[in-house]
Every structure is written in C-alpha cells, then in structure tokens.
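Encoded as structure tokens, the structure appears first; notes follow it.
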Amino acid sequence: MSSFIVNGGKRLSGEAEVQGAKNSALPILAATVLTKGENVLFNCPRLSDVDASLRILRFLGCEAKEQGEAVIVKSDNLSDSEIPERLMREMRGSIVFLGALLARTGRARLSFPGGCELGPRPIDLHLKALRKMGAKISERHGVIECKADKGLRGAKINLSFPSVGATENIILAAALAEGTTTIINAAREPEICDLCDFLNESGAKIYGSGEGVIVIDGVQELSGASHDIIPDRIEAATLMAAAAITAGEITLRGVIRNHLSSIIPLFEEMGCETGFKNGDMSFSAPQKLRAVPLIRTMPYPGFPTDAQALLMAVAAVCGGTTVFAENIFENRFKHVDGLMRLGADIHVQGRVAVVNGVNELYGARVEATDLRGAASLIVAALRAEDKTEVNGIEYLERGYDGLELVLSSLGADVRKL
Ligand code: UD1
C-alpha cells in the first residue's frame, strides 16, 4: 500500500507535458493481437494497467517490451486464446481482448470481469454483438467461452447505449471478419478514433470513427504499424483542476483542444482563463472560483464521467452550489467521503451530489477507492491547509504516470511513501 503526503497551499505554476491516453493505450495494445509484424507505440504511458496488458500479451505468446520511449509488440507467434483469471482480475479493461482474440484465433476463453469499484459493469452489449457476428458464447462459472469455428461475419449492430468497451470489442472483432460490419450508436470518444487510426495504419478499413455510425470492411490480415498515442484528456483535466484549486497558472504541452471541449467551458465558467498556441494550452485561475450550477456526465462529446470527481474537488471550494448528475455509472461518488473529511460540504442522493462551496479545506488522512477518486482527493489536498495523507495510491497508478513528479515540477509539495 503506498500513499501520497501532500502539504497543501502551494500555488501551481510552470509547464507540464500531458501523458499518452490510458484509454487509447489499452485497446491499442489489445489490437496488436490482430497484427503480424512489429508494432511500435510511441507516447504509451507507463501505468500499472499498461503493465497488466503487456503481461497478458506475453502470456498469449506475443513479444511485448518497453524500449526507450516506445512499447514494441510482435504478435506473430501468438499461441494461446485463453486469459487466466489472475491476469483478467488485474484490469477490468482486459475485456477488450475478447473481440481481438476471437477475430485472430476463432476462440477466446476468459473470466467474466464482474463488478468493480464503480458498481456493476455488465458486458451484455459486447456479447450480444459478438453473437450477432456468429460467435457461439457460453457463460458458466464466471468464465466466458467464445467460438467462431467458421470465423466471424460482418453484421449490422445497433447499440442501445454508446458503450466505449462494446464499440471497441466490435471494431476489433470486425476488423478481420468476413464482410461489412456497421455499428449504429457507436461511442464517439477520441480514444475510439485513436484505436481506429491505429488499425487503419495496420491495413484495416474502418470508416466514420468519431461519428455515431462506424463502418468496418473486414480484411484478411493486418500488419504491424508505428503509432503515436493521443494525449490523455483526463490527465489534462486533472492538471487543470490542480491549477484551478490552487489559483495557479500553468501551461500544458501536447493538448488537443477539441478533446477538452466539454471541460474547458466549465473551468471558464468558474472564472479560469485558457489560451491555445501550437498545441500548448495556457491556463490560469482566479483567487476565488465561481460555482457552475449543474454538471452532468454524458457520453462523448458530453462531459466525461472520468472528470466528474476532479471537478467535484474544485467545486468544493467554489463560491456557490454545484449539482453533479452522474449518468454513466451507478456508483461513482466514492470520493465524496474523502472530500468531506477534508472539509467539503457535499450531499449525495442516488446519482446526484450537491456541493456547497466552502472557503477552506483542511488536511486529513483519506482513503482512495478508485482511480479518478484518488486523483480528486489529491487535487483537494493541494488546496487543504496542512498535511493530507492519501492512501490507496495503487488505484492512482492504474492511470497516471508519475503524477507526484508532474505536480512537484509545478511547485506542489507532494511526495510518495
Ligand atoms: C470506458 C473507460 C472508462 C470510462 C467509460 C465511460 C476504458 C478502459 N475505460 O469504460 O474510463 O469511464 O468508458 O466513458 O476505456 N454498459 C452496459 N452493458 C455493456 C457495456 C456497458 O450496461 O455491455 C454500461 C456500463 O455498466 C456503464 C455504461 O454502460 O454504466 C458505460 O460503460 P462503457 O461505455 O462500456 O465504459 P467502459 O468501456 O467500461
């Protein structure tokens, strides 16, 4: 168990480079299973979830290594189509290997990912789509067994909700399927576009990513590719929240403005100022922030659920009341307990949280229980008087590449124990 010790009250200033996107890196690593030849992934963040993906790839018989700035994967000798439970348990996102393995080998056997710290996380949409593409699927004793002895075939798939994971699994399965697959109501997240860009660089024929309808013409085989992973919009939002709560002034390098189009206006409504020049974003915050009355999480391009906890930490010290409506996950307010221990005034009723801004937060010992919740507690701790100890940093390390170093370089007093 590791923890962060934060001595709050330091105003952030300086420049930081945004890491590669976790939610792009994971499906792209799974996609390398479909390819023959060498894949070179640049800007791949060093995260425990990335390590878990590399361990899965090696277990399957692929060569996967970190070399300098890049991660290199070669899947020519892939020899297995089963992922053991111990590896599946390390990371919920490993479900994205299902579509890739099925497409490459005609078989996949892995354990059911089950619930997680955000509440139940069903995969019914993934399985329904793969069945429509010709897979025979059995679910017994927590194990999912998929077979497509005659290969997968293209299909028209109408998603009842634009699930990110289901869209990715269908794209991976369809890339090598026979015929054309059409996904209606597909997820439009930038990380979906990044996955499709990687696959197209490998020889896939995918059209319309980033729009509600994605069309995939299956091809016979895919080759390796070199690919730059996009910047992580949620890490950018984390650093913006850290600067906002400390009345800071920072520059973030390597930000894609469009990916932050639902986040920037909220910070601006709070009184922050942003400017863009050659892929750098300048961000400055006033001494006293104004509350945004309502923040609702939505599928992209709406405000992302992954940034909800971060904005809540900032809302805790805004002048006025902010109402958060969490529309994506059932149980995503677990950071509230920790924020309240630091002095925040928050009331939760089901999927709604009402945050009444306070003038000050105070250091305390708090427990992180999920990835973005951990980041939210750290953001709040940057503002809190005296010392805060944030435990459960292993959650944070699933998605942030040395956050304590980045924050320290911006002037925060943060150290990892
Ligand atoms: C991905 C992201 C996660 C982000 C989420 C929503 C990765 C590795 N993770 O998670 O960081 O918070 O998108 O933007 O990219 N659902 C079903 N049935 C299904 C699939 C999903 O009911 O078959 C529900 C889920 O329970 C959840 C909602 O749909 O309530 C959103 O899930 P989904 O978009 O699939 O998120 P993930 O891919 O799990």
(message) side chain to side chain contact (heavy atoms under 4.5 Å, CB included), that's the test. Do Ile170 and Ile214 meet it? Break it down for me.
(response) CA-CA 10 Å; Ile170 299 164; Ile214 299 180; over 6 Å; no

(request) Going by the salt bridge (Lys or Arg N to Asp or Glu O under 4.0 Å) test, name the single residue among Arg109, Arg140, Lys136 that passes it with Glu145. (result) Arg109

(request) With side chain to side chain contact (heavy atoms under 4.5 Å, CB included) as the test, would you mind laying out the steps for Glu326 and Gln308 before giving the verdict? (result) CA-CA 8 Å; Glu326 173 53 60; Gln308 176 254 108; 3.0 Å; yes

(request) Consider only side-chain N and O atoms of Ser53 and Asp49, and report whether a donor and an acceptor are under 3.5 Å apart. (result) no

(request) Mind running salt bridge (charged side-chain N to carboxylate O under 4.0 Å, His left out) on Glu235 and Arg372 for me, showing each step along the way? (result) CA-CA 10 Å; Glu235 197 215 11; Arg372 305 301 168 186; over 6 Å; no

(request) Find out whether Arg415 and Leu417 are in side-chain contact, i.e. whether some heavy atom of one side chain is under 4.5 Å from a heavy atom of the other. (result) yes

(message) Out of the candidates Arg332, Arg233, Arg398, Lys22, only one should pair with Asp306 under the salt bridge (Lys or Arg N to Asp or Glu O under 4.0 Å) rule; please name it.
(response) Arg332

(message) Can you confirm whether Glu15 is buried at CD, in the sense that more than 12 heavy atoms of other residues, nucleotides or ligands lie under 6.0 Å from that atom?
(response) yes

(message) Under 3.5 Å, is there a donor on one side chain and an acceptor on the other for Asn391 and Glu367?
(response) yes

(message) Can you tell me which residue among Leu78, Val33, Val71 is in a side-chain contact (heavy atoms from CB on, under 4.5 Å) with Leu57?
(response) Val33

(request) Looking only at non-hydrogen atoms, find the nearest pair between Glu38 and Val40 and report the distance. (result) OE1-CG2, 3.9 Å

(request) Please check if atom NZ in Lys387 has more than 12 non-hydrogen atoms from other residues, nucleotides or ligands closer than 6.0 Å. (result) no

(message) Looking at every non-hydrogen atom in both residues, tell me the closest pair between Ala16 and Val406 and how far apart they are.
(response) CB-CG1, 3.9 Å

(request) Applying side-chain contact (heavy atoms from CB on, under 4.5 Å), name anything that partners Arg86, two or more places apart in sequence or on another chain. (result) Phe59, Pro84

(message) Using 0.5 Å steps for rounding, measure from the CZ atom of Phe198 to the CD1 atom of Ile230.
(response) 14.0 Å

(message) Taking atom NZ as the centre, does Lys288 end up with more than 12 heavy-atom neighbours from other residues, nucleotides or ligands that are less than 6.0 angstrom away?
(response) yes

(request) Return yes when atom CZ of Arg58 has more than 12 non-hydrogen atoms of other residues, nucleotides or ligands closer than 6.0 Å, and no otherwise. (result) yes

